[in-house]
Amino acid sequence: MQPIFEPIWSWPTMILLIIGLITLVFTTYPKRVRHFSPTIRRLLIGLRLTTVLLLAFMLLRPSIEFSDQTRQQSWLYIVADASRSMQTEDAPGSAPRRNELLKTLQTVKPQLDNLDKNIGIRRFDFSSELIPVEAFSEEAAGDQTAIGYALEMISNQLQQDRLVGILLLSDGAERTLPPYDVDARTQASYFGDTGIPIYTIGFGSSSLQDTTLDLVMESLVIDPLVFEKKNTPISVKVRSLGAANRNITVRLLVEDRTGIKKGEAGKMVPASAYGNSRVATQIHPTQNNELTTVELFWTPEIPGEYKIAVEAVPLEGEIKQTNNRLETIVTVQKGGLQVVYFDSLRPEQKFIRSMNDPKIQLDYIPVGNGFSGNSKPINADLKDLARYDVFMIGDVPADTLGPTVLRKIADRVEQGAGLLMTGGYHSFGPGGYANTPLENLIPVVMRANEKQAGNAIAKDLHYFQDLKMVPTSLGLQRYVMQLDSSREANRQKWNMLAPLKGANRLKKRFDTVEVLAESAGNEAIPLLFASDVGNARVMAFAGDTTFQWFLTGNRNEHERFWRQMILWLAHKENETDQSVWARVEPRNVAPGSQVPVLFGARDDKGKPISDVQFTVQVTGPSGKTSKSEIQGTGETSRTTFSQTQEPGDYWVTVSAVKNGNSLGFDAITRFIVDPRDLELDNPAADYSLLESIASLSGGSSLPPEELESFLTRMNKENLWNNDLTRYRRVSLWDNWYFLLCFILLLSAEWFFRKHKGLV
């Protein structure tokens with residue numbers, strides 16, 4: 001039993017309040033009753049003082065807490081790794097790890113049998129699933145080591161069982177695929193928060209012998225959907241065992257589909273390098289067990305679906321080579337744009353480059369005058385300008401680009417590439433672009449006498465004022481100026497954008513040039529010009545401070561404006577994909593996995609078509625085909641394919657029919673059932689994970705030989721916490737009899753005061 005006070009205010013405040021109330025009673029009340037007899041005076045003062053003390057007692061909110069400690073049935077979970085990596089024969093005497101695990105548990109059997117009578121034992125095997133067992137066996141056939149998933153399954157049972165702890169026996173190397181890839185450390189933290197310690201016991205060697213030569217590709221990361229002509233990063237981790245101080249070549253292989261029909265796999269050949277691609281590199285490990293992250297860059301040239309692979313070229317003397325390569329499927333879509341942007345180091349370029357669109361690969365080349373005022377010469381290595389679809393030129397003098405680069409840009413524009421020039425002190429006429437190969441392509445008037453010396457700028461060639469940019473009546477009808485699908489909402493979005501901080505004075509070159517934007521106000525100043533030149537599209541933009549939109553909270557509008565300009569220049573604003581589509585995620589799965597297949601159909605405007613009869617056909621590596629018909633009702637339909645026991649390529653064909661009519665070409669995609677052995681490719685133990693799990697949960701990590709002494713100490717000192725303490729609190733103020741007592745005191749005082757004529 002323990003008294004508890006929870007005052008309505010802080011203790012210092014309550015003490016001062018109580019003293020004040022008592023003082024108030026003794027200094028004011030005796031004067032009013034001094035003409036009564038001593039007995040009556042004491043009675044009235046006593047009643048008033050008791051009432052005040054009772055009120056103070058209530059403000060302290062007192063209660064009495066009773067505790068009752070009992071011992072209840074609790075459980076100790078023993079969780080043993082039954083994955084195939086536990087078959088590795090690196091325990092003492094070259095015994096399998098699983099056998100060493102069983103031997104350890106047999107050694108501590110007396111300690112387990114001597115547990116407190118209120119503590120029971122439950123045993124579990126785990127690999128990809130958590131399986132309760134009566135007794136452990138030598139069998140270890142699991143295809144994944146899902147430690148985090150096993151802990152999550154145990155946490156789901158905590159409402160049924162009260163745990164005093166968990167003994168986790170494993171090699172600690174978590175090897176999982178979705179949906180079993182649950183983070184073990186997060187789960188361990190949960191057990192730590194709930195007061196359930198995890199004691200980890202590790203088995204196996206954390207590294208292979210130094211004499212073992214093996215290159216292991218452990219992970220491959222690439223976006224499954226990329227765009228043609230866009231530089232795509234590829235990340236892969238390479239574990240080199242026994243290869244210290246040797247050069248290892250890591251290269252990208254791409255499927256050659258020349259002459260190959262749909263549904264057939266092509267030959268894997270080294271990828272070709274284009275532009276800024278890096279399709280091969282060398283690493284030089286300095287230790288015999290080293291994990292290296294390698295970055296490659298691939299620029300696909302032709303749309304389609306490809307199998308790619310990253311391979312560590314086998315070394316002489318490397319016996320096991322099946323784990324030197326990782327493969328996946330990548331979809332290359334149309335619409336990837338290569339854009340080159342020449343500009344000085346001014347604020348505008350920074351925010352244009354921040355545009356995030358997977359279709360657009362923007363290469364920025366800093367040239368011209370930077371903040372220091374020093375001219376930065378053009379990069380001499382610009383031989384491959386022919387690969388660009390759009391050219392953007394900012395505050396760059398024509399002399400800095402040079403006649404060769406200007407001629408190459410003009411040639412590409414004449415072939416159909418887009419061209420945009422933006423405002424600046426050294427663009428258009430002031431930049432010396434009159435009498436250059438670009439003069440007849442840029443849609444505004446430029447004269448040779450506009451070129452200024454140094455940084456001198458003629459006032460009649462530039463506006464130095466705030467200019468609110470709005471679409472013209474013609475611009476409201478054009479794709480570039482659409483910030484919203486609604487005409488009225490589009491006007492409102494343009495009106496809320498911050499004004500430009502000045503612009504070049506420009507005049508359209510021909511009557512056919514369209515002015516898409518101008519400044520607001522009575523004296524409208526033209527700002528954005530657009531025109532077709534042969535097969536190409538060209539634009540001139542007088543402004544150079546659209547980053548003001550970004551800084552004032554309109555990043556989406558800023559990105560949309562620049563993205564739409566680039567897409568329009570490249571003739572990409574109206575492109576749509578084929579009607580029927582199919583997608584498999586993930587593209588790489590383990591044998592026996594359930595593979596989700598997503599598919600659907602859309603019209604020429606990209607809107608989904610409902611009430612479609614789909615036929616899904618999957619052909620495996622051996623040529624065996626399974627077929628199913630599905631009624632599609634929404635934007636995305638789904639089915640699951642489970643016959644994935646055979647490693648290799650699986651081809652998925654989806655056809656669609658509505659009202660008896662075919663909806664275009666069949667959609668064909670594929671996925672790979674990985675032949676890699678997830679458990680045995682690199683069976684090294686991971687003691688660091690076991691230590692983290694133990695630390696985060698409040699337990700400890702033990703070598704097998706110390707488990708016996710640990711359990712002996714736990715039993716001897718009775719350290720397993722299976723006591724249950726129940727607390728019951730009785731309030732002394734929040735009840736009916738306290739209220740009744742308070743009312744009786746007030747009534748009694750009032751009665752005597754009334755009887756004596758004080759009321």
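One is the number of the first residue; the rest follow in order along the sequence.
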Between the side chains of [X] and [Y], is a donor N or O closer than 3.5 angstrom to an acceptor N or O?
| X | Y | answer |
| --- | --- | --- |
| T545 | E348 | no |
| D544 | T422 | no |
| R583 | T331 | no |

Q. Using 30° and 60° as the class limits, which term best fits the ring planes of Y388 and F391: parallel, tilted or perpendicular?
A.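 Y388 vs F391 ring planes: perpendicular.
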(Q) Below 30° counts as parallel, above 60° as perpendicular, anything between as tilted: where do the rings of F351 and F547 land? (A)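 F351 and F547: parallel rings.
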Q: Show your working on side-chain contact (heavy atoms from CB on, under 4.5 Å) between F599 and V612 and close with a plain yes or no.
A: CA-CA 11 Å; F599 52 90; V612 178; over 6 Å; no
Q: Output yes when R353 and D343 qualify as a salt bridge under the 4.0 Å nitrogen-oxygen rule, no when they do not.
A: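 No, no charged N to carboxylate O under 4.0 Å.
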Q: Inspect the contact between E414 and R407 and indicate whether a charged nitrogen and a carboxylate oxygen are less than 4.0 angstrom apart.
A: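 Yes.
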First locate atom [atom1] of [X], then atom [atom2] of [Y], and finally report the distance between them rounded to the nearest 0.5 Å.
| X | Y | atom1 | atom2 | result |
| --- | --- | --- | --- | --- |
| Y190 | L151 | OH | CG | 11.5 Å |
| L497 | N554 | CG | CG | 5.0 Å |
| M421 | L506 | CE | CG | 10.0 Å |
| L337 | L567 | CG | CG | 6.0 Å |
| R412 | D389 | CZ | CG | 6.5 Å |

(Q) Tell me whether the count of non-hydrogen atoms from other residues, nucleotides or ligands lying under 6.0 Å of NZ in K508 goes above 12. (A)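 Counting other residues, nucleotides and ligands, NZ of K508 exceeds 12 neighbours.
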Q. Does any non-hydrogen side-chain atom of T293 lie less than 4.5 Å from one of K237?
A.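 SC-SC contact between K237 and T293 confirmed.
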Q) Between D395, T400, L401, which is the residue that forms a side-chain contact (heavy atoms from CB on, under 4.5 Å) with P397? A)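 Result: among D395, T400, L401, T400 is the only option passing the side-chain contact (heavy atoms from CB on, under 4.5 Å) with P397.
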